[in-house]
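These numbers come from a predicted model, not from an experiment.
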Amino acid sequence: MVAESKEMTRLFGVLRRMAGHHYTVLIIGESGTGKELVAKGIHDHSPRVDQSYVALNCGAISPQLFESELFGHEPGAFTDAKKRKDGAFHEADGGTLFLDEIGELPESAQAKLLRTLETGEVRRVGATKVTHPDVRVIAATNRDLAQEVAAGRFREDLFFRLAVLSVQIPPLRDRPEDLAPIAETLARHLHPEAHVTPDAMEILREHSWPGNVRELRNVLT
């Protein structure tokens with residue numbers, strides 16, 4: 001992540017301090033603001049940097065497979081379970097598990113995740129024994145989880161368990177000073193000699209970027 005705004009500079013300092021802890025982190029921000037980059041940055045500056053970093057998009061998994069994806073399963077646990085499978089918690093043992101779009105988690109999976117966060121126990125679907133993988137959980141959402149809690153769509157106890165440490169990523173429109181350094185960085189990723197001309201930058205500044213950095217990257221591509 002690159003930035004020049006005072007708001008983001010302060011935020012980077014907060015994230016560095018968060019990286020030194022083992023508590024769960026909740027990252028809040030609009031779609032396209034770079035929440036996964038924040039999560040990866042926390043991992044890369046943490047004592048777990050040499051261990052696994054596993055990212056799971058909760059919004060891209062069917063409700064029927066959530067438990068298996070998170071906790072794994074035993075052979076015969078359901079129709080297509082031919083062999084034992086490790087879940088994301090096992091794959092991230094010793095490292096960091098990033099749960100993106102945590103607000104999409106079904107209620108049944110919310111209860112199981114809460115129990116795991118409270119006890120450290122992970123039980124594969126169809127298993128009788130539990131395991132205790134050492135995992136730091138970082139979650140992210142573009143939803144207002146407090147509002148989701150009030151509407152009964154998200155468990156309040158899970159919300160507080162995830163938000164032991166929390167951070168809000170401001171949208172790109174609220175930090176115009178960051179447009180130029182981000183655009184230049186994205187351009188160099190496209191080609192080492194690519195750059196954004198002054199005229200092009202003026203055009204970019206006229207847009208409000210509702211899709212944030214993701215939209216900017218798509219435009220430059």
Side-chain angles (χ1 to χ4, degrees), residues 1-59 69-71 86-105 113-114 116-122 131-146 154 157-172 174-175 177-178 181-182 184-186 188-189 212-214 216-217:
M1 298 186 73
V2 295
E4 293 181 355
S5 64
K6 292 182 179 179
E7 186 173 11
M8 288 301 293
T9 301
R10 286 194 297 268
L11 182 61
F12 290 162
V14 170
L15 294 174
R16 290 189 186 96
R17 292 194 294 274
M18 286 184 174
H21 295 285
H22 297 285
Y23 303 118
T24 55
V25 178
L26 179 63
I27 304 169
I28 305 165
E30 293 180 6
S31 179
T33 49
K35 295 185 291 295
E36 183 165 3
L37 281 178
V38 171
K40 187 63 166 62
I42 291 173
H43 172 77
D44 288 346
H45 290 83
S46 77
R48 297 171 179 261
V49 60
D50 294 325
Q51 304 300 320
S52 298
Y53 171 83
V54 177
L56 189 67
N57 186 339
C58 298
E69 291 294 326
L70 282 174
F71 310 118
D86 283 342
F89 272 92
H90 300 103
E91 294 172 354
D93 191 9
T96 302
L97 173 59
F98 174 53
L99 299 176
D100 198 7
E101 297 189 33
I102 191 68
E104 307 297 329
L105 205 63
L113 176 59
L114 175 64
T116 294
L117 294 177
E118 288 182 333
T119 66
E121 296 179 353
V122 173
T131 57
H132 296 82
D134 173 24
V135 176
R136 183 188 193 179
V137 172
I138 301 176
T141 182
N142 58 13
R143 294 191 180 192
D144 184 337
L145 285 191
F154 200 84
D157 43 9
L158 177 57
F159 170 61
F160 288 121
R161 176 63 66 172
L162 290 170
V164 176
L165 300 174
S166 63
V167 60
Q168 180 99 30
I169 310 301
L172 185 56
D174 289 348
R175 44 191 177 101
E177 310 96 310
D178 295 334
I182 292 174
E184 288 291 350
T185 300
L186 292 173
R188 286 195 298 272
H189 284 174
N212 293 293
V213 179
R214 181 182 295 123
L216 175 60
R217 182 185 62 207

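Remark: side-chain polar atoms of Asp93 are not paired, donor with acceptor, to backbone N or O of Pro133 under 3.5 angstrom.
Contact annotation: the side chain of Leu99 approaches that of Leu113 to within less than 4.5 Å [non-hydrogen atoms, C-beta and beyond]. Inter-residue side-chain proximity for His189 and Thr185 is flagged as met; some heavy-atom pair is nearer than 4.5 Å. By the 4.5 Å heavy-atom criterion applied to side chains, Phe89 and Thr116 are counted as neighbours. Side-chain contact between Val164 and Val25: absent, with no pair of heavy atoms (C-beta onward) separated by less than 4.5 Å. You'll find the side chain of Leu26 stays beyond 4.5 Å of the side chain of Leu165, heavy atoms only. Looking at heavy atoms from C-beta onward, Ile42 lies out of side-chain contact with Phe98 at the 4.5 angstrom threshold. Counting only heavy atoms from C-beta outward, the side chains of Ile182 and Arg217 never approach each other to under 4.5 Å. With a 4.5 Å cut-off on side-chain heavy atoms, Arg175 and Lys6 do not count as touching.
Minimum interatomic distance between Ala92 and Val135 (heavy atoms only, all atoms of both residues): O-CG2, 3.7 Å. Considering all non-hydrogen atoms of both residues, Ala3 and Met8 come closest at CB-CB, 3.4 Å.
Rounded to the nearest 0.5 angstrom, Ile138 CD1 and Leu97 CG are separated by 9.0 Å. Atom CG of Asp100 sits about 9.0 Å away from atom CG of Leu56, to the nearest 0.5 Å. Leu105 CG to Cys58 SG: the interatomic distance, rounded to the nearest 0.5 Å, is 5.0 Å. Once rounded to the nearest 0.5 Å, the distance linking CZ of Phe154 with OG1 of Thr141 reads 7.5 Å. Here Met1 contributes atom CE and Asp178 contributes atom CG; the two are 8.5 Å apart, rounded to the nearest 0.5 Å.
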Could you go through His132 and Val122, starting from their C-alpha distance and side-chain angles, then the distance that decides it, and tell me whether this counts as side chain to side chain contact (heavy atoms under 4.5 Å, CB included)?
CA-CA 6 Å; His132 296 82; Val122 173; over 6 Å; no

Pairs under 3.5 angstrom only: tabulate donor-acceptor contacts from the side chains of residues 27-39 to other protein residues two or more places apart or in another chain.
unit_1	atom_1	unit_2	atom_2	d
Glu30	OE1	Arg173	NH1	3.1
Glu30	OE1	Asn212	ND2	3.2
Glu30	OE2	Arg173	NH2	2.5
Ser31	OG	Arg214	NH1	2.8
Thr33	OG1	Glu30	O	2.7
Lys35	NZ	Gly29	O	3.1
Lys35	NZ	Glu30	O	3.0

For residues 17-24, please give each side-chain donor-acceptor pair under 3.5 Å, one per line with the distance, not counting sequence neighbours.
unit_1	atom_1	unit_2	atom_2	d
Thr24	OG1	Arg161	O	2.7
Thr24	OG1	Leu162	O	3.3

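Among residue pairs with one or both ends in residues 38-47, those qualifying as side-chain hydrogen bond (donor to acceptor under 3.5 Å, both in side chains) are Lys40-Asp44, His43-Thr96; sequence neighbours excluded.
Of the charged side-chain nitrogens involved, at least one lies within less than 4.0 Å of a carboxylate oxygen, so that Arg143 and Glu104 count as a salt-bridged pair.
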